[in-house]
Amino acid sequence: MKNITLGVTYKNGKITAAVYGRGCSFCNILIREEGGEWVSHKLSSHALYPQIFTGEFPADGKKRLEYIFESEKGFFLDDHALKVLDGYGYGKLCPEPDTKNLKNRSILSDTLGKVCVVEKDVFDWKKDKRVTIPTSDMVAYELHVRGFTVHESSKVNHKGTYKGLCEKLMYLKNLGVTTIVLQPCYEFNELMDYHINIGSSPMIDMQRSRLFAKPAQAQFDIASRLNFWGYGAQSFYFAPKSAYASKPENVCSEFKDMVRRIHLAGMELIMEMDYARGISDSFILENIRFWVDEYHVDGFRLNVSRVPMKLLAEDPYLCNIKIIGSSFDESIFSEKDYRDRFYVTNDGFQDTLRRFLKGDEGQLLSACELMKDNGRRFGKINYMADHNGFTLNDVYSYDIRHNEKNGEGNRDGREVNFSWNCGAEGPTKKRKILDLRNRMIKNALTVLFLSQGIPMLLAGDEFGNTHEGNNNPYCCDNEQGWVIWNRTGRANEIRKYTSDLIKLRKAHPVFRNDNFLSGNDFSFTGVPDISFHGVKAWYPDFGYYSRTVGVCLNGDYAAKTAEGKDSSFLMLINTHWEEHEFQLPVIKRGEWEKVLSTGTDPKSVESPSHEQREVVPARTICLYISKERKKNRPEVKNDSK
């Protein structure tokens with residue numbers, strides 16, 4: 001039985017078309033050369049699959065060929081189109097036609113001027129190989145293709161495009177990023193107030209244009225809100241977003257070249273796919289296979305409630321593909337370990353650690369559990385800021401959301417953000433507040449990159465990018481929603497601090513253990529794999545009002561480095577608004593040496609028993625590394641229990 005591929009393809013001077021026409025008594029394909037007139041061709045119902053309409057027609061392969069479909073339901077676009085172009089530009093509504101021709105008005109009404117294009121280009125991958133980063137080595141970075149470089153401060157030649165992203169690959173590589181996560185970059189209808197006809201199934205019928213229901217009376221001059229992000233939009237899931245290409249007609253080649261360059265840089269690419277409700281499991285599986293095969297994509301971030309996870313887990317073509325979701329139903333998976341394929345990411349780490357760092361009561365125990373958790377059956381991705389919420393800068397600059405520019409009366413977006421403005425709402429020139437904000441940002445970055453699990457950074461957070469208090473800039477294709485490449489002294493300080501943290505994490509496997517940390521010393525090294533301490537060593541205080549903790553990571557339980565065993569580290573966290581004196585635990589014959597402090601340096605305290613004691617300033621995190629004890633320093637007994 002010959003397999004039927006839905007969509008329209010070109011080969012050897014012929015166009016082959018196949019469209020699913022459920023509930024249609026007839027289907028036609030309208031084809032035109034660029035700028036020409038539409039020519040209608042009748043499609044025939046397939047003998048074995050009567051709801052699929054097919055046809056084959058001669059065509060000139062040297063010219064751009066555009067097409068749409070027609071049935072008794074109206075004109076509609078191909079939900080399997082490989083390329084979709086908008087003749088009127090990104091975010092622009094087609095103008096009212098200067099003709100009284102009802103057919104042309106109907107076409108514009110049903111398609112808003114978008115057309116499907118027959119893809120004929122052949123791309124040379126130049127021996128491209130998929131990059132698979134080990135789970136413990138991953139450092140993820142979420143970005144919006146257009147918003148990442150569209151501002152002039154990005155200083156790229158191709159602003160807001162796939163090529164513009166390529167110009168920033170060395171920046172990301174030098175920062176330490178291994179995994180790029182792209183917000184929706186498949187083709188979608190960014191005009192929120194205007195619906196177009198995509199496909200012909202009953203589910204798609206609900207998406208028919210409301211304003212243009214009667215083409216002869218259509219109003220073509222009404223503005224539309226913009227869906228800048230693409231979540232929840234009408235989508236063409238097989239086509240890359242043409243508006244993000246420097247030359248939209250070359251979008252397929254530009255996207256493939258971007259993937260190839262990402263792989264050449266030693267990084268992997270994850271696509272976010274927001275499938276609409278009601279789309280079949282078979283369509284989703286076909287679509288994910290398509291992006292893996294045609295575009296060499298390395299993984300996907302999915303809304304798991306709408307995706308057949310069991311099918312993805314067992315599909316042989318996807319066995320090396322990474323899947324990120326908010327949660328997984330373990331009962332649908334086999335008993336094996338999926339830590340290198342499936343990754344859980346949600347707001348749990350973000351919300352708890354935000355509350356803990358700003359000094360909320362009752363958060364310490366939960367924070368410690370999350371900092372040591374690297375996932376068991378599934379990998380675990382942590383973040384302190386996601387696209388759906390405040391940027392990291394805004395977490396410590398605003399107490400409440402400021403979404404007025406979204407036009408929804410400041411009612412959209414998260415109402416509770418667990419943020420703290422540090423003493424002033426929004427921008428301020430007060431040095432004391434600015435210094436505190438810098439310290440809080442560094443605290444957040446420190447727990448993000450030095451906790452177990454995979455850290456994920458929101459684009460621009462490494463230099464203090466702001467959305468001006470808008471925690472839901474889904475419709476802000478402007479400076480409020482873009483990344484502004486800040487190069488002030490403050491921005492450079494945070495950027496360098498972020499880069500140094502990532503280098504530290506990569507140099508020491510103890511921060512990215514493959515094994516789950518149990519808090520036990522099952523290898524009899526003398527110290528547990530991870531231990532928690534209060535202001536007194538070995539006596540953690542997990543009380544409701546406690547805001548201080550020491551986290552000790554035993555290097556003997558980490559993977560071997562080039563020099564042998566890894567070092568042990570001690571992180572002293574003081575989220576209280578007062579300084580606290582810590583007794584440092586004894587590790588074998590070593591002593592602790594300060595690596596970093598997010599605020600002013602801690603003060604060493606002389607002790608009659610020669611034990612190490614440090615006074616950690618208010619709202620500060622200090623990190624220490626174990627070193628061999630100096631010869632003239634007496635040995636201190638380990639009083640751990």
Side-chain angles (χ1 to χ4, degrees), residues 364-365 367-369 371-372 446-447 450-452 504-505 507-513 515-543 546-561 563-576 579-599 601-617 620-641:
L364 193 151
L365 180 58
C368 289
E369 288 297 319
M371 285 190 288
K372 79 170 187 177
T446 301
V447 297
L450 301 188
S451 292
Q452 303 300 310
L504 180 67
R505 177 184 177 85
H508 294 282
V510 73
F511 295 118
R512 43 188 177 84
N513 275 282
N515 299 318
F516 186 81
L517 301 181
S518 64
N520 296 310
D521 184 22
F522 51 83
S523 294
F524 305 104
T525 67
V527 178
D529 51 10
I530 185 171
S531 54
F532 297 99
H533 309 263
V535 292
K536 182 180 179 181
W538 304 105
Y539 289 86
D541 178 6
F542 293 122
S546 180
R547 297 178 175 88
T548 56
V549 69
V551 184
C552 183
L553 294 169
N554 184 354
D556 288 338
Y557 284 93
K560 300 295 189 293
T561 65
E563 292 76 26
K565 291 183 178 180
D566 198 6
S567 301
S568 296
F569 282 84
L570 174 67
M571 183 162 53
L572 301 182
I573 305 175
N574 179 17
T575 67
H576 200 195
E579 66 179 25
H580 283 273
E581 181 179 321
F582 287 80
Q583 176 193 26
L584 277 58
V586 177
I587 300 293
K588 294 185 178 179
R589 296 180 179 274
E591 62 181 0
W592 298 106
E593 181 179 294
K594 183 177 72 70
V595 176
L596 62 84
S597 173
T598 60
D601 285 341
K603 294 178 290 186
S604 297
V605 179
E606 292 293 332
S607 169
S609 61
H610 303 291
E611 63 187 14
Q612 284 186 267
R613 304 186 73 90
E614 298 279 310
V615 177
V616 178
T620 298
I621 297 177
C622 299
L623 183 70
Y624 300 82
I625 187 173
S626 61
K627 295 287 186 179
E628 287 189 13
R629 184 174 300 279
K630 297 177 182 178
K631 294 182 179 179
N632 60 349
R633 189 178 181 105
E635 182 179 345
V636 182
K637 182 180 178 181
N638 185 341
D639 61 351
S640 63
K641 290 189 175 181

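The side-chain heavy atoms of H533 and P585, taken from C-beta on, include a pair separated by under 4.5 Å. At a threshold of 4.5 Å between non-hydrogen side-chain atoms, the residues V615 and V605 count as touching. Side-chain contact between M571 and I621 is present, with heavy atoms from C-beta onward closer than 4.5 Å. The shortest distance between side-chain heavy atoms of C368 and F542 falls below 4.5 Å. No side-chain heavy atom of N515 sits less than 4.5 Å from a side-chain heavy atom of Y557. Counting only heavy atoms from C-beta outward, the side chains of S568 and I587 approach each other to under 4.5 Å. Counting only heavy atoms from C-beta outward, the side chains of P617 and N574 never approach each other to under 4.5 Å. No side-chain heavy atom of L450 sits less than 4.5 Å from a side-chain heavy atom of L553.
Checked against Y624 for a side chain to side chain donor-acceptor pair (under 3.5 Å), the options K594, E614, E593 give a single hit: E614. Exactly one residue among H580, R547, M371 makes a side chain to side chain contact (heavy atoms under 4.5 Å, CB included) with I573. That residue is M371.
The main-chain N or O of D556 is found under 3.5 Å from a side-chain atom of N554 such that the two form a donor-acceptor pair. The main-chain N or O of T525 is never found under 3.5 Å from a side-chain atom of S523 such that the two would form a donor-acceptor pair. Of the possible polar contacts, one joining the R512 side chain to the R505 backbone as a donor-acceptor pair under 3.5 Å is found. Using a distance-only test at 3.5 Å, with no hydrogens or angles considered, no donor-acceptor pair links the side chain of D566 to the main chain of A558. In this structure a side-chain-to-backbone donor-acceptor pair under 3.5 Å is missing from D541 to S546.
For the atom pair CZ of R613 and CZ of F582, the computed distance is 11.0 Å after rounding to the nearest 0.5 Å. Rounded to the nearest 0.5 angstrom, C622 SG and D601 CG are separated by 7.5 Å. With rounding to the nearest 0.5 Å, the separation of CG in N513 from CD1 in I530 is 8.5 Å. L584 CG to L570 CG: the interatomic distance, rounded to the nearest 0.5 Å, is 5.0 Å. Atom CG in D529 sits 8.0 Å away from atom CG in D521 (nearest 0.5 Å). In this structure, CG in L504 is found 7.0 Å from CG in L596, a value given to the nearest 0.5 Å.
Under the 6.0 Å cut-off for aromatic ring centres, F569 and H508 qualify, their centroids lying closer than that.
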Please determine whether salt bridge (charged side-chain N to carboxylate O under 4.0 Å, His left out) holds for the pair E581 and K603, giving the CA-CA distance in whole Å, both sets of side-chain angles, and the decisive distance to 0.1 Å. CA-CA 9 Å; E581 181 179 321; K603 294 178 290 186; over 6 Å; no
Please test Q612 against E591 for side chain to side chain donor-acceptor pair (under 3.5 Å), starting from the C-alpha separation and ending with a verdict. CA-CA 8 Å; Q612 284 186 267; E591 62 181 0; 5.2 Å; no
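The heavy-atom pair separating P528 from S531 by the smallest distance is CG-CB, 4.4 Å.
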